[in-house]
There are 2 protein chains.
Amino acid sequence: MSSTVQELNRTGKGEGQPVGVALLGFGTVGAEVFRLLTEHADDYTHRIGGPVEVRGIAVSDLAKQRPGVPEELLTDDARALIARDDVDLVVEVIGGIDYPRELVLDALNAGKSVVTANKALVAAHADGLAEAADAAGVDLYYEAAVAAAIPVVGMLRRSLAGDHIQRISGIVNGTTNFILDAMESTGATYDDALAEATRLGYAEADPTADVEGHDAASKAAIMASLGFYTRVNFEDVYCEGISNVTSEDIAAANQAGYTIKLLAICERLTREDGTEAVNARVHPTLVPKEHPLATVSESYNAIFVEAEAAGSLMFYGNGAGGYPTASAVVGDIVGASRNIVYGGRAPEDNTYAKLPIADAGEALTCYHIDMQVDERTGVLAAISSEFAKQGVSLRTVRQEGSEEDARLIVVTHTARESALREIVNTLTSLDVVKEVNSVLRLDS
Amino acid sequence: MSSTVQELNRTGKGEGQPVGVALLGFGTVGAEVFRLLTEHADDYTHRIGGPVEVRGIAVSDLAKQRPGVPEELLTDDARALIARDDVDLVVEVIGGIDYPRELVLDALNAGKSVVTANKALVAAHADGLAEAADAAGVDLYYEAAVAAAIPVVGMLRRSLAGDHIQRISGIVNGTTNFILDAMESTGATYDDALAEATRLGYAEADPTADVEGHDAASKAAIMASLGFYTRVNFEDVYCEGISNVTSEDIAAANQAGYTIKLLAICERLTREDGTEAVNARVHPTLVPKEHPLATVSESYNAIFVEAEAAGSLMFYGNGAGGYPTASAVVGDIVGASRNIVYGGRAPEDNTYAKLPIADAGEALTCYHIDMQVDERTGVLAAISSEFAKQGVSLRTVRQEGSEEDARLIVVTHTARESALREIVNTLTSLDVVKEVNSVLRLDS
């Protein structure tokens, strides 16, 4: 990176100068970004201090009809488009990881700011991307990567920069929330609810990334990194999806006053030696019905933040879809463009705190264990002694069913995940326990 | 303003350089800001790129005991503190309008960035302050002025900068929400609920600014200005408080499926000639119980934003109090300090759209009119013909009570405020209407 480019990034191109944009990708999001940039061009010129000019749109299939898009803007050579001298800002809305990563690195290395909506890319390669942006002194914006237009990234990066965040929890995947909500409200099985989600376009043909929690885990990694100023990557996030959640689980949760949500949870932990670590995890979670997150229905997203001075904050909205995602992308385009015109940089991905990443077993949680047991005297004593051995106390114990088919539902107080797992392992081997039906965590 | 100062603001003091802060005011918010800056000093140094150093704290009473505050920091000469060469950033948390306005202008004119939590000041004098900040090329931050740590200002200024906002509505005053919530949940009268709010510290000794809606109107002015890129001042906001809301109103609302909230509403209106205008207003409003704003209880705040691409977003949290306000103030200190260290400016108060401010009568709303009427044949015909004359159609009509004491509750469809007012005027003069008990607006 030459010092002249760095110098220019510091001082800006100057008021009234155009910002040349390369748009990579023209799917639902790309098309809506282009529409907004075109229809509200005058507004953005005023908001930025100079006009945004789309220099080109990189697509994979040039032959496809794209009504309303000037043909001369289309190219299938993304690299050449990025390299153009009159491109200042590269907007990546392709999706995937490896190919967009190469393009984004190309752009940053060439001293161009980048806006991306790509959560998988950011969660997998944040360090490399942040280093390239720093070396070039340019901006890397990705508000759309978490919960679309709900401004989670801006809130963690800027608004709460004066506070000390303790915990971020949220519903950050609309597909799984739709499925769980449908199971709860209609009594549908998981398979039927998934089929309905697919039919309505909420789930993709291959729903794995959503239902197994990978998409939420990417977002958890990004939120934890920003909130705790510590790099948390996708593989640092413990992840359980919803494909094992049954109608019976939901009915039992309901009866006990809970609703089941797939939560992404990022929190500071105090380790046994008194030092701090970061834990990030995604799993189906029993949320008390009176908690604000319990009321988030259909495909909506919501993020709940607990901070030392601010207390509890919640942000709610449409966390996916072409329009809300485009809103966040264009918001980033305006922010990055202002810096290109006037100079200055957005707060970078700052990981100064470098907290260690806790093992999944270190997480503090409560278990809700549903099992079939013998209806024999001493069953409860045998089971509760296993909890006591691990120093875990019980919050509630409910027994129901007939003599032949007794069911015991145990909810623990807060304990380390590792101790709880060990208890479950032991329970399955006890003679008096016929079967452990389900193990779910409870938001404490 | 010398060009050297402007140049410095553009390029910044450089990484590692300290940011000198003058803290004006040491009440609840000031003390908490000082505590955060002291306790988390290392964090802010990392987040900013250089240390924040408090050069002095201006107070009115030097003799007052302030444990934990180094005596040499205290001064009763705010002007001299602001003028110090080693002060880069002035933080105003005094409150009031005229005196802090002079100090803030002093600071801006001297080329120093300003962070203020003062909604009354910003809503009354935004133009003058923005001009002074622009002339000096420095930042004016005021996130804490609206709903404390709920990042409304940042969201409107930055996150939604790529979108086209249609409407902002919200509960932005905790005192009145506490009172209305207490009236609804306990059946208390307005006076009793106000007394309870005062006892618990939610209402001030003189509650006028809160209960008459002035505080909410200041926030509405700020939100409308930011959301519509148009200067909206305090006096442009139509304002009705909650002091006339009765237990009967709340009971009637409840019965019809509504809860009464004091809403600040900012919206784009299409005028009869097809052009756009901005309307901002504060009044008690019937909100359907299933609307997210209806569930905001006690002294919490929530802001609901509707934008073209993002759809509906809601932000919820503690909208007042020393801690949450300090969180927002220190977040602004970090943002302004980054610009002081690295150069660049935050998006300024941009009012390029210069939309006209609509008359209060142009607002589109629905009325909920509760009146005592004669139990005579033809009453309903007489009354409904008044609505028809103004082209207003009725959504629901409910009649109850005895022959001697009949009550008629009418809910209209959406219509211009001016037409609705004229109807109410006419109704009061009709023979068949004994008394109009209450007129409340409904969030359409």
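Throughout, protein chains are lettered first and strands after them, A, B, ... in sequence-line order, and every chain is numbered starting at 1.
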>> Please classify the contact between B/Phe304 and chain A as side chain, backbone, both or neither, with a heavy-atom cut-off of under 4.5 Å.
In response: neither
> Is any side-chain heavy atom of B/Ile303 less than 4.5 Å from a side-chain heavy atom of B/Val172?
Replying inline: yes
> Most heavy-atom pairs under 4.5 angstrom with chain B, which of A/Gly311, A/Gly154, A/Pro347, A/Ala302?
Replying inline: A/Pro347
>> Counting C-beta onward and ignoring hydrogens, is there a side-chain heavy-atom pair between A/Asp163 and B/Val330 closer than 4.5 Å?
In response: no
> Okay, side chain of A/Lys261, backbone of A/Gly170: is any donor-acceptor separation there less than 3.5 Å?
Replying inline: no
> Which region of B/His40, side chain (C-beta onward) or backbone (N, CA, C, O), has a non-hydrogen atom less than 4.5 Å from a non-hydrogen atom of chain A, or is it both or neither?
Replying inline: side chain
>> Please determine whether side chain to side chain donor-acceptor pair (under 3.5 Å) holds for the pair B/Asn177 and B/Tyr202, giving the CA-CA distance in whole Å, both sets of side-chain angles, and the decisive distance to 0.1 Å.
In response: CA-CA 10 Å; B/Asn177 201 59; B/Tyr202 289 120; over 6 Å; no
> Side chain, backbone, both or neither: which part of B/Glu348 has an atom under 4.5 Å from a heavy atom of chain A?
Replying inline: both
>> With chain A as the partner, which of B/Ser312, B/Gly335, B/Ala310, B/Ala307 has the greatest number of non-hydrogen pairs under 4.5 Å?
In response: B/Ala310
> Can you tell me if A/Tyr142 and A/Asp349 form a side-chain donor-acceptor pair at under 3.5 Å?
Replying inline: yes
>> So which residue, B/Arg47, B/Arg158, B/Arg35, B/His46, ends up with the most heavy-atom pairs under 4.5 Å with chain A?
In response: B/Arg47
>> When you compare the side chain of A/Leu156 with that of A/Met223, does any pair of heavy atoms fall below 4.5 Å?
In response: yes
> In terms of heavy-atom proximity below 4.5 Å to chain B, should A/Val334 be classed as side chain, backbone, both, or neither?
Replying inline: side chain
> Is there a salt bridge (charged side-chain N to carboxylate O under 4.0 Å, His left out) between A/Arg338 and A/Asp139 once you walk through the steps?
Replying inline: CA-CA 11 Å; A/Arg338 277 189 54 84; A/Asp139 283 332; over 6 Å; no
>> Test side chain to side chain contact (heavy atoms under 4.5 Å, CB included) on B/Ile340 and B/Lys13; report intermediate values, then the result.
In response: CA-CA 6 Å; B/Ile340 289 166; B/Lys13 291 176 80 172; 3.7 Å; yes
> Taking every heavy-atom pair that is under 4.5 Å apart, which of B/Glu143, B/Met155, B/His164 has the most such pairs with chain A?
Replying inline: B/His164
> Where on B/Ile150 is there a heavy atom nearer than 4.5 Å to chain A: the side chain, the backbone, both, or neither?
Replying inline: both
> Which residue out of B/Pro151, B/Ala309, B/Ala149, B/Pro292 racks up the most heavy-atom pairs below 4.5 Å with chain A?
Replying inline: B/Ala309
>> Are there residues of residues 313-329 of chain B whose heavy atoms fall under 4.5 Å of chain A's heavy atoms? If so, which?
In response: B/Leu313, B/Met314, B/Phe315, B/Tyr316, B/Gly317, B/Asn318, B/Tyr323, B/Pro324, B/Ser327
> Does any donor atom in the side chain of B/Asp43 or A/Tyr352 lie under 3.5 Å from an acceptor atom in the other side chain?
Replying inline: yes
> Should A/Tyr300 and A/Ile171 count as side-chain neighbours, where that means a heavy-atom distance under 4.5 Å?
Replying inline: no
> Can you check side chain to side chain contact (heavy atoms under 4.5 Å, CB included) on A/Ser337 and A/Leu89, steps first, answer last?
Replying inline: CA-CA 8 Å; A/Ser337 296; A/Leu89 175 63; 3.6 Å; yes
> Counting heavy-atom pairs under 4.5 Å to chain A, which of B/Ala161, B/Gly331, B/Ser159 comes out on top?
Replying inline: B/Ala161
> Is it the backbone or the side chain of B/Ala346 that comes under 4.5 Å from a heavy atom of chain A, or both, or neither?
Replying inline: backbone
>> Tell me whether B/Arg231 contacts the main-chain N or O of B/Ser225 through its side chain, where contact means a donor paired with an acceptor under 3.5 Å.
In response: no
